[in-house]
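Structure first, then comments.
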Amino acid sequence: MEWEYLNGDGDFRSDEVKVLRDEADIIITNPPFSLFREFLAWIIEANKKFIIIGNMNAITYKEVFPLIKENKMWVGNTPITGSRWFEVKGHCNNKFMEIIDGKQMVPIKAIWFTNIEHGRRHQPMQLMTMAENIKFSRHKEIRNQEYQKYDNYDAIEVPFSDAIPSDYDGVMGVPISFLDKYCPEQFEILGMDDHRIIYPQWRGRGPDLNGKPVYRRIIIRKKKGI
Ligand SMILES: C[S@@+](CC[C@H](N)C(=O)[O-])C[C@H]1O[C@@H](n2cnc3c(N)ncnc32)[C@H](O)[C@@H]1O
């Protein structure tokens, strides 16, 4: 790119780009995934509104998850599973590359992170009670069986967001894909496996169920009065 209003190379960490940041009302961009943590911290320190693209894995970063937990940042309206398509220029050896409308496009597990309100996140999930789930759930892992408790934590395992029982007041472990259905008036986020200091054995994986770790769980509880 060429520009005339900067003296340096446009690095977001430079003083002159910080001045531009401080003047901005909203920052909208797709920062390099490798600098995502640093870029997010750079936005947060300036207390700016933002809509940025990041890798889905960024949810689990220790610099990122606390912001989601504290409702200082959330995911956008687009479902977080699946991929977004990005144009790539020049030689591309990505085996999933497709030519779409004459452009080289590759699928990337990228999602929107923002601190700008949107209506979807205030729509509560429509859920069945525990008894209804056991009777009617479309998931064979749920139907006709009890919800299981973890071996090493007082919470039940809920392997699908649509199987969260509406009448359970205790703590539940849910998949990360819960986040695009999360409504802060309906549930509170208590933590994530990686961030529970009292359970260091969970680091980088989920709690144990029947002696085996469950891959990455967000720990939630129903809001009182819901
Ligand atoms: C994922 S790309 C997005 C590019 C652009 N938004 C677009 O759609 O064409 C990330 C961009 O950040 C630039 N970049 C890398 N390190 C940077 C830094 N420290 N400061 C500013 N930009 C940087 C890269 O050169 C790249 O163009």
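Numbering of ligands and ligand atoms starts at 1, following listing order. Residue numbers count from 1 along this sequence.
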(message) One thing to verify: whether E188 and K223 come together as a salt bridge, which I'm taking to mean a side-chain N less than 4.0 angstrom from a carboxylate O.
(response) no
(request) Could you tell me whether the side chains of E157 and Y147 share a donor-acceptor contact shorter than 3.5 Å? (result) no
(message) Suppose we screen for salt bridge (charged side-chain N to carboxylate O under 4.0 Å, His left out). Which residues come up paired with R21, at least two apart in sequence or across chains?
(response) E45
(request) Just say parallel, tilted or perpendicular for the rings of Y182 and F178, cut-offs at 30° and 60°. (result) tilted
(message) Could you check whether D25 pairs with K49 (Lys NZ or Arg NE/NH1/NH2 to Asp/Glu carboxylate O, under 4.0 Å)?
(response) no
(request) Let me know which protein residues bring a heavy atom to under 4.0 Å of ligand 1; chain then number is fine for ordering. (result) G10, D11, F12, R13, N30, P32, L35
(message) I'd like to know if the side chain of Q104 and the backbone of V88 have a donor-acceptor N/O pair within less than 3.5 Å.
(response) yes
